[in-house]
Amino acid sequence: MVIRMNSKKANWAFLVTILCYAGMVFAVANFFPLFAESLVFSNLICEIVVVLPMLVFIVASGENIVSFLGIHKMRFTSVLMTGLFTFLSVPSLTVVNLFSQLWVENEVASAMENMNAGQMPFGLLLFSTGLVAPVFEETLCRGAYYHAYAGSGRRIGAMVMSALIFALIHMNFNQASYAFVMGVFAVLLLEVTGSLWSCILYHSLINGSQMMLLYGAFKVNPNVYSEQAGTITPDFLLYAVGAYLVVVAVTLPLSWAVLVWISINEGRQGALSCFLPKKALPGKAEKKDKLVSVPFVLALILCIGMMTGSFFRIVEKIILMIR
């Protein structure tokens, strides 16, 4: 009897993924330091490492990869409306990004400045962040993790878990903050279109537009981030958050309206109802699989340890003790 992919296996896959990621970081830092200096190459290695374990679990579970991941066609008009949805969702992501910078720096801008991204070939950067990352990460988080968790019957829980994993694999608190919100939006798109392609397109448009803006800024001034960092005070960030919240008050309801339109256009009316609260019927309590298990908790602890740097400090001390 073939055991299908479920939340328990998804949690084990996540733990294996984080362990592989930690091993990859250690190996690159100690044996292949030149790889770490290439933004494009290091990004490709990271994407492969985080996706491969889950794909192995899916194949071992006997799932049909294409149908399990939700790789289906979508109407061209829905593609266009996905672009509109992306545009309307950006203010919400920006609010969270700005708010997170009250405590942490803008990791993307900092990394691009450190690697002198303004002098890199733009096409290569756009390919890496605007195509490779969206394909790999959406296949993993919305295709694999979301469907594995959704099999439990807990759609809201599956959305939260897949968004949380999407946030954690970015391995820094700044990106994790708005990646979580982006993960929620992507799941809603997946439900109304029934296609993973909508999530890939959404992710590509977000990453591509961000990359174009940052690349243009660093092309003009390679030190633009460090020079302006001192002017971005907590008061400035709070004012910016307040201004964007006004915009979000308009764009967020419009975003929902676009999702409803897409669901009708794709013949999936009521697809969003699974995320709305429902009244429990008396005597009809349904037993559902647990989403959180020990492997997931261990993976979560490891992620936080790596994001804070404490994990690698502990590993370094252990290695020094052994030597």
Side-chain angles (χ1 to χ4, degrees), residues 51 58 63-96 126-127 129-151 155-163 165-167 178-213 247-276 278:
V51 170
I58 293 173
E63 295 284 359
N64 180 300
I65 293 182
V66 173
S67 60
F68 179 73
L69 296 178
I71 303 175
H72 307 297
K73 294 180 181 179
M74 52 188 293
R75 294 175 181 271
F76 180 69
T77 47
S78 295
V79 172
L80 295 178
M81 292 300 280
T82 297
L84 177 59
F85 175 79
T86 303
F87 175 77
L88 292 171
S89 71
V90 168
S92 298
L93 303 179
T94 303
V95 165
V96 181
L126 190 61
F127 175 76
T129 59
L131 183 61
V132 173
V135 169
F136 276 70
E137 292 171 15
E138 292 307 316
T139 297
L140 178 70
C141 296
R142 254 61 65 188
Y145 280 114
Y146 176 68
H147 285 122
Y149 289 126
R155 291 278 174 175
I156 295 178
M159 177 174 65
V160 171
M161 291 289 284
S162 63
I165 289 174
F166 179 54
Y178 58 86
F180 179 84
V181 179
M182 185 175 165
V184 170
F185 286 153
V187 165
L188 296 177
L189 264 177
L190 179 62
E191 284 294 340
V192 298
T193 62
S195 174
L196 183 65
W197 291 117
S198 64
C199 304
I200 293 174
L201 175 60
Y202 174 65
H203 196 155
S204 294
L205 290 173
I206 294 289
N207 279 19
S209 59
Q210 183 185 45
M211 182 53 58
M212 284 190 283
L213 290 172
V247 179
V248 169
V250 177
T251 57
L252 200 55
L254 289 175
S255 299
W256 185 264
V258 170
L259 288 173
V260 172
W261 188 95
I262 294 175
S263 69
I264 296 172
N265 191 51
E266 291 290 331
R268 297 174 63 84
Q269 295 92 330
L272 297 173
S273 62
C274 61
F275 300 109
L276 300 176
K278 299 178 182 178

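Not measured: the values here are computed from a predicted model.
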Does some side-chain heavy atom of [Y] sit less than 4.5 Å from a side-chain heavy atom of [X]?
X: Val258; Y: Leu254; answer: no
X: Thr86; Y: Phe185; answer: no
X: His147; Y: Leu190; answer: yes
X: Thr251; Y: Ser89; answer: no
X: Val250; Y: Leu88; answer: no

ask   = Residues two or more places apart in sequence or in another chain: which of them pass salt bridge (Lys or Arg N to Asp or Glu O under 4.0 Å) with Glu138?
value = Arg142

Residue list, side-chain contact (heavy atoms from CB on, under 4.5 Å) with [X], at least two apart or on another chain:
X: Thr94; value: Val90, Leu98, Tyr244
X: Leu131; value: Phe127, Val135
X: Phe87; value: none
X: Leu201; value: Val79, Thr82, Leu205

Which atom names give the shortest non-hydrogen contact between [X] and [Y], and what distance separates them?
X: Cys274; Y: Ile156; value: O-CG1, 4.1 Å
X: Ala158; Y: Ala150; value: CB-N, 3.4 Å
X: Cys141; Y: Ser162; value: O-CB, 3.4 Å
X: Ala186; Y: Cys199; value: O-SG, 3.2 Å
X: Leu272; Y: Leu188; value: CD2-CD2, 4.0 Å

ask   = Tell me the salt bridge (Lys or Arg N to Asp or Glu O under 4.0 Å) pairs involving residues 247-258, sequence neighbours left out?
value =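 Residue pairs with at least one partner in residues 247-258: there are none.
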
inquiry  = Before we go on, tell me: are the rings of His203 and Phe136 under 6.0 Å apart, centre to centre?
reply    =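 Ring centroids of His203 and Phe136 are no less than 6.0 Å from each other.
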
inquiry  = Set out, in order, the CA-CA distance, both residues' side-chain angles and the distance that settles side chain to side chain contact (heavy atoms under 4.5 Å, CB included) for Val95 and Val181, then state yes or no.
reply    = CA-CA 10 Å; Val95 165; Val181 179; over 6 Å; no

Any pair counted as side-chain hydrogen bond (donor to acceptor under 3.5 Å, both in side chains), so long as it reaches residues 179-195, sequence neighbours left out = Tyr146-Glu191, Arg155-Glu191, Thr193-Ser198

As an exercise, state the distance from [atom1] of [X] to [atom2] of [Y], rounded to the nearest 0.5 Å.
X: Leu69; Y: Trp197; atom1: CG; atom2: CH2; result: 10.5 Å
X: Phe180; Y: Ile165; atom1: CZ; atom2: CD1; result: 11.0 Å
X: Ser92; Y: Met182; atom1: OG; atom2: CE; result: 12.5 Å
X: Tyr178; Y: Ile206; atom1: OH; atom2: CD1; result: 10.0 Å
X: Thr129; Y: Met211; atom1: OG1; atom2: CE; result: 3.5 Å
X: Asn207; Y: Ser209; atom1: CG; atom2: OG; result: 8.0 Å

ask   = Between Val160 and Tyr149, is a side chain to side chain contact (heavy atoms under 4.5 Å, CB included) present by the stated rule, with each step listed?
value = CA-CA 10 Å; Val160 171; Tyr149 289 126; over 6 Å; no

Sequence neighbours left out, what passes side-chain hydrogen bond (donor to acceptor under 3.5 Å, both in side chains) with [X]? Give chain and number order.
X: Thr77; answer: Asn265
X: Tyr145; answer: none
X: Gln210; answer: none

inquiry  = Treating Ser204 as the side-chain partner and Pro134 as the backbone partner, does any N or O pair qualify as donor plus acceptor under 3.5 Å?
reply    =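 Flag not set: sc Ser204 to bb Pro134 has no pair under 3.5 Å.
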
ask   = Would you say Glu266's side chain and Ser78's backbone share a donor-acceptor pair under 3.5 angstrom?
value =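 Not confirmed, Glu266 side chain does not pair with Ser78 backbone.
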
query = What pairs with Tyr202 under ring pair (Phe, Tyr, Trp, His ring centres under 6.0 Å), at least two apart in sequence or on another chain?
reply = Phe85

task = Evaluate side chain to side chain contact (heavy atoms under 4.5 Å, CB included) for Val192 paired with Trp261, printing each intermediate quantity in order.
result = CA-CA 9 Å; Val192 298; Trp261 188 95; over 6 Å; no

